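From a predicted model like this one, the values you see are computed outputs, not experimental measurements. The residues of the chain are indexed from 1 along the displayed sequence. All ligand and atom numbering here is 1-based and tracks the order in the structure.
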Amino acid sequence: MSSSTTTTTTSPSTNTESWGSRVGLILAMAGNAVGLGNFLRFPVQAVQNGGGAFIIPYLICFLLMGVPLLWIEWSMGRFGGKHGHHSTPFILDTMDRRSFWKYIGVFGIFTNIAVASYYCYLESWTMSYVFHSVAGTFAGMDQGQVASFFEKYVDVGVSTTGIPYEAVIFFLLCLILNTWILSKGLSGGVEKAAKIGMPLLILFGVFLAYKGITLQAGKEGALFGGSVGLNFLWTPQFDSLANPKVWLAAAGQIFFTLSVGMGTIQCYASYVSKKDDIALNAMSAGWMNEFVEVVLGSAILIPISVGYLGIDRVIELTASGGLGLGFRTMPFLFSQWGTFIGAFAGVAFFGLLFFAGITSSLAMGTPWMGFMQDEFKWTREKAALSFGIIVLILGLPTVLFFNEGVFDEYDYWAGTVSLVVFALAETILFAWVFGMTKGWKEINDGADLKVPSFYKFVIKWITPFLLIFVFVGSLIGPAGGDWGAAFAGLGNGEGWNLDNGSIIAQLMNKGIKQQIAATTDSALVESLESRITYINGARLLLLAVFLTAAYLVFVAYKKRIREGRFS
Ligand code: PHE
């Protein structure tokens, strides 16, 4: 027997958190969304997908998938909160009587724990780089030296500056800070962090964007001498609309940057009061994220690096992933501005990344905490501490085996695939099972301005269709994103040539196996084979986390039945 939407038991939870103010709520939600993704992932995705070719699908995905998902998640959260639920398993359970939904809701706990485990590591680099910018470590280094600093840093055990196990130490510091803030609760911790972090982030961002667009380095500055960096991004290329690969990248970025499909928005929104305007709040937070991403995010990394290095070199540097540019190159470019401004720019850039990161990682802690507080009556402090410990245990493999691919594996399964799967499931639940009549009412209840009714149609038809397209595209995406060639292959008996990044090929380790087959170097073969072992280990670990969370949901459900608490 499961819950039904008609039962109206009052909140059984001892969880009495709430937001302090509307501004605080919006800043916390914006802080949740604005993250490392805005400054590191977005520009790199844009560069990799052809600049102006990327931006149109990106904006369309924002309007037709991002915005609807924001409304869906905010209203699901507030709806769940009314029934005393603060994490997705029982929020979903309340929306339909079929009992499997609560297990789909496990994604909203699993994903946060898994993403936090690598995200906090990344966040700890930004902390360390602030330290090194102040300490002047990068001053006088050439580009190669800055790059090798980063390589040593992630190759844990090799000391960069005499601090042993520096990467581990900063990771620990970062976790302790996160745990401490979380233990202070929503209004006393998370909201305060957002009120301090977000304005500073904007301030640093505006400074760097100003430097970025007025840069006169070489002949390819942003505004002077050809505007190459900005033109590259802002010259629309309409033919890209026909390229599914660019669409998938754009959709993936929208998910990651808005933090939809994660369960954090539902959790935050479950603490708003019943009559709060969610239609407008969701837009305020969502558009703030877009401002930071599209305006500030595109005015820093790309113009500065293109200004110094030229567009071709930047495309080359980002080909192997995004982190390189930020951590291996930027400190060197900043040092071109002289010792003082260089150090200040370093503090501004990595400080901005740190604030962006921490306001997001805090969000990732809240679904787990809400769940343990609601279901097992844990205190906030205990819930926060347990989150810190779990992330430490799961995060250490990403720190220690970064070069073996564990970090990327977490990012792929938790930070990319899970988001799409969960977003698709919750959209179907919301628009088709819960139904648009009730759903529309939930979105507009308490709204000062009504949502244009056009969106009723979008949420019911367009968003699920796009999500299915994205999911199928990620599952069986063909090599090089060339669907035409893949269908031709099917026709002429060569079979479907999967892209190495597609879910199925990834599961089969297709890319690594190809590398093994292509080499005769036995040392390389050995290292690639051990990479497969690490990657499979990482997957098992992630699976174990999911199953454990599902088991806890099962136990909580039995407990609810025993105690006669439904809804
Ligand atoms: N939106 C964050 C970013 O852009 C990442 C994030 C994902 C944060 C999921 C919270 C939850 O970096």
* Structure fact -> Nearest heavy-atom approach of E404 to L400 is OE1-O, 4.1 Å
* Asked: Are there more than 12 heavy atoms of other residues, nucleotides or ligands under 6.0 Å from atom OH of Y551?
  -> no
* May I ask you to check whether V34 has an N/O atom sitting below 3.5 Å from an N/O atom of ligand 1? => no
* Considering only heavy atoms of N38, which atoms of ligand 1 have at least one such atom less than 4.0 Å away? -> 4 (O)
* Would you mind checking which non-hydrogen protein atom is closest to atom 9 (C) of ligand 1, with the distance to 0.1 Å? => M262 CE, 2.9 Å
* Is atom NZ of K211 surrounded by more than 12 heavy atoms (other residues, nucleotides or ligands) closer than 6.0 Å? -> yes
* Considering the heavy atoms of G37, write down every atom of ligand 1 situated less than 4.0 Å from one of them. => 3 (C), 4 (O), 12 (O)
* Consider every N or O of N112 and every N or O of ligand 1, then say whether any pair is closer than 3.5 Å. => no
* **Which residue and heavy atom of the protein sit nearest atom 10 (C) of ligand 1, plus the separation** => N32 OD1, 3.2 Å
* Anything under 30° is parallel, anything over 60° is perpendicular, the rest tilted; go ahead and classify F90 against F371. => parallel
* **Closest to atom 1 (N) of ligand 1 (judged by heavy-atom distance), picking from F256, Y119, F42** => F256
* Asked: Name the one of N112, T264, N32 that satisfies side-chain hydrogen bond (donor to acceptor under 3.5 Å, both in side chains) with S259?
  -> N32
* Asked: At a 4.0 Å threshold, what atoms of ligand 1 neighbour a non-hydrogen atom of A33?
  -> 1 (N), 2 (C), 3 (C), 4 (O)
* Heavy atom of the protein closest to atom 7 (C) of ligand 1 (residue, atom name, distance) -> S259 OG, 3.7 Å
* For ligand 1, which part of M364 has a heavy atom less than 4.0 Å away: the side chain, the backbone, both, or neither? -> side chain
* To do: Using distance alone, determine whether T257 and ligand 1 share an N or O pair under 3.5 Å.
  => yes
* **Qualifying residues under side chain to side chain donor-acceptor pair (under 3.5 Å), relative to E375, sequence neighbours excluded** => R560
* To do: Please determine, by modelled atom types, if N38 and N289 share a side-chain donor-acceptor pair under 3.5 angstrom.
  => yes
* To do: Measure from the ring center of F291 to the ring center of W287 and say whether it is less than 6.0 Å.
  => no
